[in-house]
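To start, the structure under review is shown below, and the notes come after it.
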Amino acid sequence: MHFSKEIINWYHLNKRDLPWRNTRNPYKIWLSEIILQQTKVIQGLSYYLKFIKHFPTVQDLAQAKEGAVLKLWQGLGYYSRARNLHYSAIQIVSEFDGKFPADYATLIKLKGVGDYTASAVSSFCLNEAQPVVDGNVYRVLSRYFGVENAIDSTLGKKKFKTLANDVLDKKQPGLHNQAIMEFGALQCVPKNPECKKCPLVSSCSAYSNSTVTILPHKQKKIKQRHRYFNYFVIRHGDDTYLEKRTNKGIWENLFQFPLIETAEKLAIDKLVRLPEWDALFNNSTYKIDTVRKEIKHILSHQIIHARFFEIIIIGSFESNYLKVLLDDIDKYPVPILIGNYIEQHISSVSV
DNA sequence: AACTCGGGGAT
DNA sequence: ATCCCAGAGTT
């Protein structure tokens, strides 16, 4: 099968120079793979460099506070990756004496490491013959071999995994895996691929059948739900107040301004009548200073309609929320929705 | 098997 | 607007 040979040849001519390709350190490879899950290389690159600088070894990562890891992860999304990264680092130091595993069987047991990541790290570090199947591989294989099965169906996943294993160059699996993913990322792209420049065009099923635009197939379409978040930016002298999101769901363990979620967008006078409002400002004199224009924050499964109410407390104030100096607010990990607000309305004001 | 978890860039 | 990204965990 000349498929792998052609892909690898293409790779040598077209590959990008990326920092995690210049090492076989399993810690660094693992870190890069976690960062790159569902994340484009261009978006993850600066985070990888930050993490390597702050945490050069798995011991450094294990010794950090979770909040520090989340702060460094801020803005990258899918924060369970950061929590699991930290969790696994601690486990590796305590259970493996700090020696980072590079074999598939051990890697797959780590939190945050699934079939893709275990295959990637073990093939890159040890040349284990484990085929990677990521979004790029689904696209390349479905088009070149004309596989019609949906990539998000159980049968489809199984078939693509088998096919990926069949075409894997068992003598240089690491190189092969890098090559097929890079090929998907740069040449066999989702929209308007330049098939005329493709070295595999003459044997590509999708090209000859004019199915390039419709492959790969996907069956599920995600639906979003609307949520209405009312944040209260409390000012009391040099202080404001934050809370930690501890529930399951989005942004777990990140901080935010005190929040009242409502089922729909409410007029302010309606909001003031909610019992949560009393809990927020109980026994204090306050005034609503500013109500910012609604921000629409789009997530993959949710559309957050966020409003920021700037409250000024007059006189004394007792609260169960976390009291934070305005000057210290940048130390806390926050969702980018909150981070953008802070950047626009607090950080620039206080300096 | 279906759902949930972010944010950004390309089209 | 819609799709997708070097996927994984939970229900």
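Throughout, a chain's letter reflects where its sequence line sits, starting with A, and its residues are numbered from 1.
The side chain of A/Thr117 has C/dA8 as its nearest neighbour among B/dG7, C/dA8, C/dA6. Nearest to the side chain of A/His301, among B/dG7, B/dC5, C/dC5, sits B/dC5. When the nucleotides B/dC5, C/dA8, B/dG6 are ranked by their closest atom to the side chain of A/Trp251, B/dG6 comes out on top. Side-chain proximity of A/Ile336 to C/dA6, B/dG8, C/dG7: nearest is B/dG8. Distance from the side chain of A/Pro335 is smallest for B/dG7 among the nucleotides C/dA6, C/dC3, B/dG7. You'll find that the side chain of A/Gln219 is closest to B/dA2, out of C/dG7, B/dA2, B/dG8. Nearest nucleotide to the A/Leu18 side chain, out of C/dA6, B/dC5, B/dG7: C/dA6. Taking only side-chain atoms of A/Lys220, from C-beta outward, the nucleotide of C/dG7, B/dA2, C/dA6 with the closest atom is B/dA2. Comparing B/dG7, C/dA6, C/dC5 by their closest approach to the side chain of A/Met181 singles out C/dA6. In the set B/dG6, B/dA2, C/dA6, B/dG6 carries the atom at the smallest distance from any side-chain atom of A/Tyr78.
Minimum interatomic distance between A/Gly44 and A/Leu36 (heavy atoms only, all atoms of both residues): CA-CD2, 4.5 Å. Residues A/Val334 and A/Leu254 approach most closely at C-CD2, 3.6 Å, considering heavy atoms.
Evaluation of atom-type donor-acceptor distances gives a pair under 3.5 Å for the side chain of A/Thr39 against the base of B/dG6. Counting distance only, with no hydrogens placed and no angle test, the side-chain atoms of A/Tyr116 and the base atoms of C/dG7 include no donor-acceptor pair under 3.5 Å. Between the side chain of A/Ser80 and the base of C/dG9, no donor-acceptor pair under 3.5 Å is found. In the interface, the side chain of A/Gln302 is not paired with the base of B/dG6 through any donor and acceptor atom under 3.5 Å apart.
Atom CG in A/Leu110 sits about 18 Å away from atom P in C/dG7, given to the nearest Å.
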(request) Could you walk me through whether A/Glu310 and A/Arg292 pass the salt bridge (charged side-chain N to carboxylate O under 4.0 Å, His left out) test, one step at a time? (result) CA-CA 8 Å; A/Glu310 297 178 357; A/Arg292 299 290 176 182; 2.8 Å; yes
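Each of A/Val41 and A/Asn84 has a nearest nucleotide on DNA chain C; the 5'-most of these lies closest to A/Val41. Between A/Leu299 and A/Asn192, the one whose closest nucleotide on DNA chain B sits nearer the 5' end is A/Leu299. Nearest-nucleotide mapping onto DNA chain B: of A/Asp152 and A/His297, the residue sitting toward the 5' end is A/Asp152.
One C1' atom belongs to C/dC3, the other to B/dG6, and the distance between them is 15 Å to the nearest Å. For C/dC5 and B/dC5, the C1' atoms lie 14 Å apart once the distance is rounded to whole Å. Taking the P atom of each, B/dG8 and C/dA8 are spaced 22 Å apart, rounded to whole Å.
Partner A/Tyr341 forms a ring-ring contact (aromatic ring centres under 6.0 Å, His included) with one of A/Phe229, A/Phe309, A/Phe257 and no other, that one being A/Phe257.
Between the side chains of A/Ser203 and A/Tyr144, at least one donor N or O sits under 3.5 Å from an acceptor N or O.
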